[in-house]
Amino acid sequence: MGKIINLKNRASFFVKPVSPYDFDSTVFKPSHYPDHLKFYEPGRYWFVLRLGNRVYGIKLVSKGTIRSPKVQVIIFSRTKLSKKELKEVIDEVSYRFEFQKDISGFFKKFKNDKILSSFLKKWYGMHGSCAQDLYGLLMIGIFLQNTVIKRSIQMTDVMLKKYGIKVKFDGKELYYFWKPEEMMKVSEEELRALKVGYRAKLFRKVSETFVKERVDELKLRKLSVQKARKKLLKLYGVGPETARILLTEALHHYEIFDHVAPWQQKIYSRLLFKKTLISPEKIIKYVRKKWGEWANLAANYIFEDVFWQREKGNKIEWLEKEIRR
DNA sequence: CATCAGGGCCCTG
DNA sequence: CAGGGCCCTGAT
């Protein structure tokens, strides 16, 4: 069964992200399905950070504004942090939440864009972010494959409870994923008993690859999108959609927009064309032509907006039909 | 009760 | 490059 880890030691550090930076829309993505990996409330965000063999509880607190952003990073750990360790943690958190990424050019470029400008005003300073590491997000990607969201949630819960770590800090209890070296040793029958179906094979096989081929996230971060994409597609169980998720979220690539999954197709058709169904090719062509090197980020502003509306209680009938939780 | 698609991917021909 | 099959579940 999963380990329980209590983190009592506390260290605090202040970071000033590059302006503009909107804390809430950056850390919390309402289009994502709910899980026990993180906890969000306006101005605050809790999650577990695994770094090598170490585990930290991280609490982010917004202390600034969009134009003059400031984030308090509170690190909970088992033992007192060395200076080096503190720097490693802060650097990793900065990468995952894009504290140092300057996207001001995006706003300048599309300030007067007919479609985008209203969304840019509304969500000014929203960045991409990913609380998980590449392996963790890959697990989520596998949970999403060929099923309905309700089942993805169920599979995530049951797997985290059985193989994940439960981390207690700051009055919260959150989970994080197992290590690949642990998952590769679990039998397929044991996994199938948890009703993850044929995904059992994927978890085992891809975890083994992570260990044996030493898949290095830090190296992947430095590659061009297309090179990284090629490497990711070689992983068993990673196809165009899962690669897209990993490239845009874990590796923070804003330029690619080369794959639209069926459920996204329905949403983009409504939002961009006011039609029920436009072909993926047409959507891709349109988005790329309009927003070029910022295609993914631009589409994201439009996409997340409708989910924020939903989050705030403004239910949109056709969207509810697509989500089906 | 049976059938079927669902926030894909692999394998085969 | 197209199409079948895959775990499981709730919707129809």
Side-chain angles (χ1 to χ4, degrees), chain A residues 28-35 37 128 130 132 134-163 183 186-210 215 229-250 256-272 276-281 283-284 287 296 299-300 302-311 316-325:
Chain A
F28 183 67
K29 302 298 178 188
S31 73
H32 292 182
Y33 70 83
D35 56 45
L37 295 162
C130 183
Q132 294 80 37
L134 185 80
Y135 178 78
L137 189 62
L138 173 55
M139 296 301 109
I140 293 175
I142 295 174
F143 287 129
L144 284 166
Q145 290 175 9
N146 194 31
T147 187
V148 288
I149 287 304
K150 195 170 178 185
R151 196 168 158 226
S152 300
I153 296 172
Q154 155 69 18
M155 290 187 285
T156 307
D157 279 351
V158 72
M159 289 274 287
L160 280 176
K161 275 180 189 142
K162 182 140 188 186
Y163 305 110
M183 184 49 60
V186 181
S187 75
E188 191 173 329
E189 301 81 69
E190 192 179 301
L191 290 173
R192 275 179 183 262
L194 300 179
K195 308 193 176 196
V196 298
Y198 60 79
R199 291 170 197 78
K201 192 176 162 191
L202 306 191
F203 290 128
R204 279 166 51 80
K205 220 167 159 173
V206 85
S207 295
E208 192 175 2
T209 306
F210 260 73
V215 175
R229 183 167 191 271
K230 254 191 169 167
K231 289 218 166 191
L232 291 171
L233 286 173
K234 283 190 183 140
L235 296 171
Y236 190 81
V238 176
E241 174 61 4
T242 309
R244 182 198 66 80
I245 293 172
L246 296 174
L247 289 168
T248 57
E249 297 189 22
I256 48 158
F257 196 86
D258 52 3
H259 187 260
V260 174
W263 71 288
Q264 299 155 354
Q265 182 193 354
K266 292 173 196 162
I267 295 174
Y268 282 128
S269 299
R270 298 264 189 176
L271 296 178
L272 296 174
T276 46
L277 210 59
I278 299 288
S279 77
E281 295 74 32
I283 295 172
I284 289 168
V287 170
N296 177 68
N300 224 261
I302 299 167
F303 200 79
E304 286 295 333
D305 173 72
V306 75
F307 282 91
W308 270 109
Q309 291 183 47
R310 178 177 187 273
E311 188 72 19
I316 302 154
E317 209 172 305
W318 62 263
L319 183 65
E320 292 310 309
K321 251 191 189 162
E322 299 307 338
I323 296 177
R324 282 206 238 158
R325 285 188 185 148

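Residue numbers begin at 1 in each chain, while the letters A, B, ... track the order of the sequences.
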Side chain Glu304(A), main chain Ser31(A), donor-acceptor under 3.5 Å: yes
Atom-to-atom span, CD of Gln264(A) to P of dG7(B) - whole angstrom: 10 Å
Geometric class of the Tyr268(A)/Phe303(A) ring pair [parallel <30°, tilted 30-60°, perpendicular >60°]: tilted
Whether Arg192(A) side chain and Ala200(A) backbone form a donor-acceptor pair below 3.5 Å: no
Spacing of the P atoms in dC10(B) and dT9(C) (rounded, Å): 23 Å
Atom pair distance, as rounded to whole Å: CD1 in Ile245(A) and C1' in dG7(B): 7 Å
Check: Phe28(A) ring centroid to Phe307(A) ring centroid under 6.0 Å: no
Worked verdict on Gln264(A) versus Glu241(A) for side chain to side chain donor-acceptor pair (under 3.5 Å): CA-CA 11 Å; Gln264(A) 299 155 354; Glu241(A) 174 61 4; 3.1 Å; yes
Interatomic distance at C1', dG4(C) relative to dC4(B), whole Å: 15 Å
Donor-acceptor pair, side chain of Glu188(A) and main chain of Tyr198(A), under 3.5 angstrom: no
Whole-Å distance separating the CD1 atom of Ile153(A) from the C1' atom of dG10(C): 14 Å
Heavy-atom donor-acceptor pair, Gln265(A) side chain to Ile278(A) backbone, under 3.5 Å: yes
d(OH, Tyr33(A); C1', dG6(B)) in whole Å: 15 Å
Value in whole Å for how far the P atom of dG7(B) lies from CZ of Arg270(A): 15 Å
Gap between atoms CZ and C1', on Arg199(A) and dT9(C) respectively (whole Å): 11 Å
Glu281(A) CD - dC1(C) C1' separation (whole Å): 14 Å
Letter per nucleotide, 5' to 3', of nucleotides 8-13 of chain B [B base touched, S only sugar-phosphate touched, - untouched; heavy atoms, 4.0 Å]: BSSS--
Salt-bridge contact Glu320(A)-Arg310(A) (side-chain N to carboxylate O under 4.0 Å): yes
Duplex segments of DNA chain C, taken as runs of at least three Watson-Crick or G-U pairs that stay under 3.5 Å: B:2-6 with C:8-12, B:8-13 with C:1-6
Whether Arg244(A) side chain and Gly239(A) backbone form a donor-acceptor pair below 3.5 Å: no
Spacing of Gln265(A) atom CD relative to dG6(B) atom P, expressed in whole Å: 11 Å
